[in-house]
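Please read the structure below before turning to the comments.
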Amino acid sequence: MKYDPTQVASFYDAYGDKEWSRFDDGRTPLPSLAVHFEQLRRFVDPGDRVLDIGAGPGRFTIELARIGAEVTVADISPGQLEQNAERLDLEVEALVADAEQLPFDDDSFDLVVGHAVLHHLPDLT
């Protein structure tokens, strides 16, 4: 199957709130979320510039903000970014972007968080 970013964006726009609730309803085990949060706390420091690519509705964006990171969110789905903005209680830079064509200069971020993004991209080898 050929990678089609429009198809991916449409899927997640239609998926709506299901992306947020997947940890709560058991589709993704809740301990997985705890493990990911622990890794964020382990590797992200207050003040770090972090790109949350494939940010979706904001599960990791919120945790990054709690840590004190300077967060930029990007997602291919405008609908998911809207949910992210609704759930976040502070302003972050947000943009609709394809992970294959990010508009950032090298060294723009200290870290990149990309939970569940790579499986959407074509084989780059």
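Minimum interatomic distance between S21 and R27 (heavy atoms only, all atoms of both residues): OG-NH2, 3.2 Å. Summarising the geometry of A97 relative to A74, their closest heavy-atom pair is CB-CB, 4.2 Å, with the distance given to 0.1 Å. A99 and I53 get closest at one heavy-atom pair: CB-CG1, 4.0 Å.
At a threshold of 4.5 Å between side-chain heavy atoms, the hydrophobic network of Ile, Leu, Val, Met, Phe, Trp and Tyr places L102 and L81 in two separate groups. Using a 4.5 Å cut-off between side-chain heavy atoms of Ile, Leu, Val, Met, Phe, Trp and Tyr, with links allowed through other members, L51 and L40 fall into different hydrophobic clusters. In the hydrophobic cluster analysis, where Ile, Leu, Val, Met, Phe, Trp and Tyr join through side-chain heavy atoms closer than 4.5 angstrom, I67 is grouped apart from V112. The hydrophobic cluster containing F60 also contains L30, counting ILVMFWY residues as joined when their side-chain heavy atoms lie under 4.5 angstrom apart, directly or transitively.
For the ring pair (Phe, Tyr, Trp, His ring centres under 6.0 Å) condition, the pairs that include at least one residue of residues 63-111, sequence neighbours left out, are F104-F109.
Between L95 and T72 there is a side-chain heavy-atom pair separated by less than 4.5 Å. Inter-residue side-chain proximity for V8 and P5 is flagged as unmet; no heavy-atom pair is nearer than 4.5 Å. You'll find the side chain of P57 stays beyond 4.5 Å of the side chain of E86, heavy atoms only.
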Subject >> Evaluation steps, side-chain contact (heavy atoms from CB on, under 4.5 Å), between D75 and N84 >> reply: CA-CA 10 Å; D75 199 290; N84 189 302; over 6 Å; no
Subject >> side-chain contact (heavy atoms from CB on, under 4.5 Å) between L88 and I62, intermediate numbers included >> reply: CA-CA 6 Å; L88 201 60; I62 292 167; 3.7 Å; yes
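Rounding to the nearest 0.5 angstrom, the gap separating the CD1 atom in I76 from the CD atom in Q7 is 10.5 Å. Expressed to the nearest 0.5 Å, how far CD of Q83 lies from CG of D13 amounts to 9.5 Å. We find the OG1-NE2 distance between T28 and H36 to be 9.5 Å, quoted to the nearest 0.5 Å.
A donor-acceptor distance shorter than 3.5 angstrom exists from the side chain of D52 to the backbone of T61, with no hydrogens or angles considered. A donor-acceptor pair under 3.5 Å is absent between the side-chain atoms of R59 and the main chain of L33, judged by distance alone. In terms of modelled atom types and a separation under 3.5 Å, the side chain of Q80 and the main chain of G16 share a donor-acceptor contact.
The ring pair (Phe, Tyr, Trp, His ring centres under 6.0 Å) test applied to F23 returns no partner, not counting sequence neighbours. Under the side chain to side chain contact (heavy atoms under 4.5 Å, CB included) criterion, Q39 pairs with R42, F43, not counting sequence neighbours.
In this structure, Y12 and Y15 have perpendicular ring planes: the angle between them is above 60°, well past the 30° mark.
The residues R41 and E63 are annotated as salt-bridged, a charged nitrogen and a carboxylate oxygen being separated by less than 4.0 angstrom.
Counting heavy atoms of neighbouring residues, nucleotides and ligands inside a 6.0 Å radius, atom CG of D25 exceeds 12 of them.
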